[in-house]
Amino acid sequence: MTAWRKAWLLLPMLAALASPARAGQDQLQLKAAFIYRFAQLTQWPPPPQREFTYCVAGDAPLQDALRALMQSTPGGIPVHTLQLSEPQRVPQCQLLVLGAGVRGDLRRWQEILADDPVLVVGDSAESFRSGAIIGLVIEPNGLAFRINQTEARRRGLAISYQMLKLAREVK
């Protein structure tokens, strides 16, 4: 089954997560679920990955929520989570979440990344405007996200059409 076909099959679950009815759930668990789905609905350039590393900077509780989610989710390749305090370890990440604690240092993190194929997820509209590929934004009706398709392509990442359709904004 192709990655795009898998993405299509995951669309109902992602749409359910984005619905206002779920907005009252624990925000950390909801963010973790979104980030997990973002990884599933993104294609990295070849060669195929032998393991996948989620890195979280500036938000230790979110790392714990991601780790808990992955323990209950069956998977194929080994999955790891790392808590980062400095950008030097970023090259071992496939997905990097920049929490509120590192918002002001976004440029420094991006310099270390250069053009590496890392899906950068920021937890604010500000991080989206500053170069993150995906910006998670809290809205009155719940959690939404914005996608910087230009930055994703520059890094060699392909984001599924289904995810692009669900985004609040695509640039």
Side-chain angles (χ1 to χ4, degrees), residues 3-4 6-8 10-11 13-15 17-18 27-28 30-49 51-59 62-63 65-66 69-70 77 79-84 86-139 142-171:
W4 297 110
K6 288 178 188 175
W8 178 252
L10 293 171
L11 181 62
M13 186 173 288
L14 186 58
L17 286 172
Q27 189 174 359
L28 280 176
L30 189 58
K31 279 185 178 182
F34 267 71
I35 292 164
Y36 179 76
R37 293 294 180 228
F38 294 155
Q40 290 182 326
L41 297 171
T42 301
Q43 262 188 335
W44 276 258
Q49 298 167 354
E51 63 182 21
F52 193 91
T53 304
Y54 291 85
C55 296
V56 180
D59 196 343
L62 181 59
Q63 180 201 9
L66 270 169
L69 177 68
M70 285 180 245
I77 62 173
V79 177
H80 310 281
T81 61
L82 290 176
Q83 176 68 36
L84 302 182
E86 290 296 320
Q88 287 73 18
R89 292 181 64 194
V90 165
Q92 56 189 307
C93 306
Q94 283 75 43
L95 188 146
L96 171 64
V97 180
L98 295 172
V102 295
R103 238 182 246 161
D105 292 335
L106 182 59
R107 295 278 181 223
R108 194 176 85 172
W109 289 83
Q110 288 178 320
E111 286 172 11
I112 298 288
L113 284 171
D115 293 334
D116 291 350
V118 176
L119 182 61
V120 180
V121 179
D123 77 341
S124 68
E126 175 188 320
S127 60
F128 173 71
R129 288 188 294 272
S130 298
I133 295 172
I134 299 175
L136 280 171
V137 184
I138 298 171
E139 294 184 343
L143 197 59
F145 60 95
R146 293 172 167 83
I147 297 175
N148 185 333
Q149 177 76 327
T150 304
E151 181 66 11
R153 286 182 181 146
R154 187 182 76 75
R155 293 188 177 281
L157 303 174
I159 296 176
S160 78
Y161 175 70
Q162 291 79 16
M163 195 161 92
L164 293 171
K165 284 182 6 182
L166 290 173
R168 203 55 98 216
E169 175 186 347
V170 177
K171 71 175 189 175

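In what follows, every heavy atom counts, from backbone to side chain, and hydrogens, waters and symmetry copies are set aside.
In this structure, the side chain to side chain contact (heavy atoms under 4.5 Å, CB included) partners of Ser130, at least two apart in sequence or on a different chain, are Leu106, Glu126. Residues passing the side chain to side chain contact (heavy atoms under 4.5 Å, CB included) test with Pro45 are Pro117, Leu157, sequence neighbours excluded. Looking at residues two or more places apart in sequence or on another chain, you find a side chain to side chain contact (heavy atoms under 4.5 Å, CB included) between Leu164 and Ile147, Gln149, Ile159, Val170. Among residues two or more places apart in sequence or in another chain, the salt bridge (Lys or Arg N to Asp or Glu O under 4.0 Å) test is passed with Arg108 by Glu86. For Leu82, the side chain to side chain contact (heavy atoms under 4.5 Å, CB included) partners at least two apart in sequence or on another chain are Thr53, Cys55, Leu84, Arg89, Gln92. Evaluation of the side chain to side chain donor-acceptor pair (under 3.5 Å) rule for Gln94 yields no partner, not counting sequence neighbours. For the salt bridge (Lys or Arg N to Asp or Glu O under 4.0 Å) test, residues two or more places apart in sequence or in another chain that qualify with Glu139 are Arg146, Arg168.
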Exercise. Any chance you could lay out the side-chain contact (heavy atoms from CB on, under 4.5 Å) test for Ile134 and Asn148, step after step, and finish with the verdict?
Key: CA-CA 6 Å; Ile134 299 175; Asn148 185 333; over 6 Å; no
Quiz item: Passes side-chain contact (heavy atoms from CB on, under 4.5 Å), Glu151 versus Val120? Steps please.
Solution: CA-CA 9 Å; Glu151 181 66 11; Val120 180; over 6 Å; no
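Judged purely by atom type and a 3.5 angstrom limit, Arg37 has no side-chain atom pairing as donor or acceptor with the backbone of Ala32. Remark: the backbone N or O of Gly131 is paired with a side-chain donor or acceptor of Gln110 at under 3.5 angstrom.
Interatomic distance, Leu98 CG to Asp123 CG, rounded to the nearest 0.5 Å: 8.5 Å. Taking CG from Leu119 and CD1 from Ile133, the interatomic distance works out to 5.0 Å, rounded to the nearest 0.5 Å. How far CG of Asp115 is from CZ of Arg154: 4.5 Å, rounded to the nearest 0.5 Å. Distance CG/Leu41 to OH/Tyr36: 10.5 Å, rounded to 0.5 Å. Rounded to the nearest 0.5 Å, atoms SG (Cys93) and CG (Asp116) are 10.0 Å apart.
Looking at every heavy atom in both residues, Trp109 comes nearest to Pro87 through CZ3-CA, 3.5 Å. Shown here for Trp44 and Ala39, the closest heavy-atom pair between the two residues is CZ3-O, 3.4 Å. Taking both residues in full, the closest heavy atoms of Leu96 and Ala57 are given as CD1-CB, 4.5 Å, listed atom of the first, atom of the second, then distance.
In this structure, Phe38 and Phe145 have perpendicular ring planes: the angle between them is above 60°, well past the 30° mark.
At least one side-chain heavy atom of Val79 sits less than 4.5 Å from a side-chain heavy atom of Tyr54. At least one side-chain heavy atom of Leu143 sits under 4.5 Å from a side-chain heavy atom of Ile138. Taking 4.5 Å as the limit, some side-chain heavy atom of Ile35 sits within range of a side-chain heavy atom of Leu136.
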